[in-house]
Amino acid sequence: MRILVTGGAGFIGSHLCERLLNEGNEVICLDNFFTGRKVNIAHLVANSGFELVRHDVTEPILLEVDQIYNFACPASPVHYQYNPVKTVKTNVMGMINMLGMAKRVGARILQASTSEVYGDPIEHPQTESYWGNVNPIGLRSCYDEGKRVAETLMMDYHRQSVVDTRIVRIFNTYGTRMLENDGRVVSNFIVQALRGEELTIYGNGEQTRSFCYVSDLVDGIIKLMNAEADDIHMPVNLGNPGEFTMKELAEQVGKTLDKPVQIKYMPLPQDDPKQRKPNIERATRLLGWQPTVGLAEGLKKTALYFQAIVDIKK
Ligand code: NAD
Ligand code: UDP
């Protein structure tokens, strides 16, 4: 198949491009390099099945493909709040452009949605039927509401124009190829610990997240894209149900690196969700999917990756 991955030079997108190429597909990687990097995909460029296009999804583009993975969008709060209007445009205009392409060429399209559509969730763990608790006018809204509109567009193009759609709600994912200045908690803690700096916990550190290693996530995403079922167009949660407070995560990073860690407490950002954990029964039933990499193992792999980067920059 010929497959388009938007945001393909980013953290998750680059792993997806690599896996799809290894499975014998042709891959077009489209990216505007806002948070993506050529180094993430440099090893794929020599493969004759790989093509790189510098393009912004907010602008229309004509391509002929069989499948579209729409991953273009900054994911770290630091990056998506840098230019919030652009974040909304990427989620809304980018989604319309990609759905237009899917409709024109009859391609199947999968949208990278997020657990952020649940906002600061009152239902715990979160099932796909939960409508969420989202502030429409806060600092996170450009991303949360942008992704919610993107889901709306996916469902309306499916109902109105019979586009073949898949929606994945991705819970916090980490691993190799994250930026060292990404700003998300796993990369922050690992890089800080490797540099011998204090680990920055925002708030009291009692808020929880569930962390999925990137290889598990990519497995689930490709399974979802290729799965068939009557309700396959409805959203599917993908994430690791192991739930940790940020204090526990900091301790685990110290254990993994075998280093004593010092904590620095900093103010909690606005609308920071208090708890988050996926219910993955739907993914398990539809896809036979379950994560296999635990937090300790995933942190070790990620720390090895960051160690090399921190060493180079010493
Ligand atoms: P990332 O920032 O590493 O990747 C995003 C990629 O999209 C980058 O390569 C960036 O340059 C590109 N991009 C951004 N705006 C663009 C535009 N207008 N046109 C073209 N390219 C553009 O982030 P990631 O963690 O790899 O996330 C990828 C996708 O998965 C995002 O859509 C994100 O919302 C979603 N997601 C990620 C997580 C997570 O924990 N990593 C959780 C939920 C959802
Ligand atoms: N966080 C933290 N220290 C950091 C970065 C983040 O304590 O250096 C907290 C943040 O406030 C949030 C959690 O870690 O409660 C996860 O943050 P991240 O930005 O990784 O993802 P998201 O909030 O989008 O789930």
Side-chain angles (χ1 to χ4, degrees), residues 5-17 29-38 40-41 53-59 61 69-83 86-91 93-95 97-98 110-118 120 140 143-144 146-147 150 168-175 177-179 182-192 197-212 214 217-218 221 237-239 244-247 249-250 263-276:
V5 180
T6 77
F11 159 50
I12 300 174
S14 62
H15 285 281
L16 195 53
C17 287
C29 165
L30 182 156
D31 209 292
N32 72 348
F33 295 105
F34 175 46
T35 50
R37 290 178 299 176
K38 287 197 185 137
N40 286 346
I41 42 154
V53 179
R54 178 187 278 268
H55 182 79
D56 195 303
V57 288
T58 59
E59 301 291 338
I61 184 168
Y69 289 87
N70 189 34
F71 277 65
C73 180
S76 160
V78 177
H79 293 136
Y80 71 65
Q81 289 170 23
Y82 173 76
N83 183 345
K86 177 68 192 233
T87 300
V88 175
K89 285 185 184 170
T90 296
N91 278 313
M93 293 158 68
M95 188 81 260
N97 286 331
M98 291 307 120
L110 179 146
Q111 165 64 358
S113 189
T114 168
S115 52
E116 289 282 325
V117 300
Y118 301 121
D120 189 5
R140 295 174 84 100
Y143 184 77
D144 301 3
K147 290 281 185 182
V168 55
R169 290 186 179 152
I170 301 170
F171 283 65
N172 297 59
T173 298
Y174 69 102
R177 304 199 191 128
M178 291 183 93
L179 292 167
D182 180 277
R184 283 177 276 186
V185 69
V186 174
S187 45
N188 271 10
F189 282 4
I190 292 179
V191 171
Q192 287 161 345
E197 297 168 357
E198 293 169 313
L199 272 54
T200 53
I201 289 187
Y202 302 162
N204 62 11
E206 295 298 335
Q207 70 271 40
T208 67
R209 293 293 186 274
S210 301
F211 299 101
C212 186
V214 65
L217 181 82
V218 167
I221 287 169
N237 287 341
L238 288 182
F244 300 88
T245 66
M246 294 312 102
K247 272 188 189 160
L249 178 69
I263 306 290
K264 177 161 117 190
Y265 287 92
M266 295 178 66
L268 190 67
Q270 188 194 90
D271 295 335
D272 200 278
K274 286 182 265 315
Q275 52 180 1
R276 185 182 288 156

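Excluded from the calculations below are hydrogen atoms, water molecules and symmetry mates; all remaining heavy atoms, backbone and side chain alike, are included. These figures come from a predicted structure and were not determined experimentally. Read the numbers this way: they start at 1 and go in the same order the structure lists the ligands and their atoms. Residues: numbered from 1 along the sequence shown.
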Return the minimal non-hydrogen interatomic distance between Asp182 and His79, and the atom names on each side.
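Shortest heavy-atom contact: O-CE1, 3.5 Å.
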Atom pair CD/OG1 of Gln81 and Thr87 - distance to nearest 0.5 Å:
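Those atoms lie 8.5 Å apart.
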Hey, could you give me the CG/OG distance between Leu238 and Ser113, rounded to the nearest 0.5 Å?
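Spacing of CG (Leu238) from OG (Ser113) equals 11.0 Å.
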Going by the side chain to side chain donor-acceptor pair (under 3.5 Å) test, name the single residue among Asp56, Thr6, Thr90 that passes it with Asn32.
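Filter result, single survivor: Asp56.
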By the definition salt bridge (charged side-chain N to carboxylate O under 4.0 Å, His left out), identify the one residue from Arg209, Arg276, Lys147 that meets it with Glu116.
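Output: one option passes, namely Arg276.
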Write out the protein residues near ligand 2, meaning a non-hydrogen atom under 4.0 Å from one of its atoms, in order of chain and number.
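Lining ligand 2 at under 4.0 Å, by heavy atoms, one finds Pro77, Glu116, Arg140, Asn172, Gly183, Arg184, Val185, Asn188, Phe189, Thr200, Ile201, Tyr202, Gln207, Arg209, Met246, Pro269, Asp272, Arg276.
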Using the side-chain contact (heavy atoms from CB on, under 4.5 Å) rule, take Asp144 and Tyr118 through it: C-alpha gap first, then chi angles, then the decisive distance, then the call.
CA-CA 8 Å; Asp144 301 3; Tyr118 301 121; over 6 Å; no
Mind jotting down which protein residues get a heavy-atom contact under 4.0 Å with ligand 1? Chain and number order, please.
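Its neighbours under 4.0 Å (heavy atoms only) are Gly7, Ala9, Gly10, Phe11, Ile12, Asp31, Asn32, Phe33, Phe34, Thr35, Gly36, His55, Asp56, Val57, Phe71, Ala72, Cys73, Pro74, Ala75, Lys86, Thr90, Ala112, Ser113, Thr114, Tyr143, Lys147, Ile170, Asn172, Thr173, Arg184, given by chain and number.
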Heavy-atom donor-acceptor pair, Gln192 side chain to Thr200 backbone, under 3.5 Å:
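Between the backbone of Thr200 and the side chain of Gln192 there is a qualifying donor-acceptor contact (under 3.5 Å).
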Are side-chain heavy atoms of Ile201 and Phe189 found at a separation under 4.5 Å?
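In short, these two side chains touch, coming nearer than 4.5 Å.
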With a 4.5 Å limit on heavy-atom distance, are the side chains of Tyr80 and Asn91 in contact?
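A side-chain contact is absent here, since even the closest heavy-atom pair is not under 4.5 Å.
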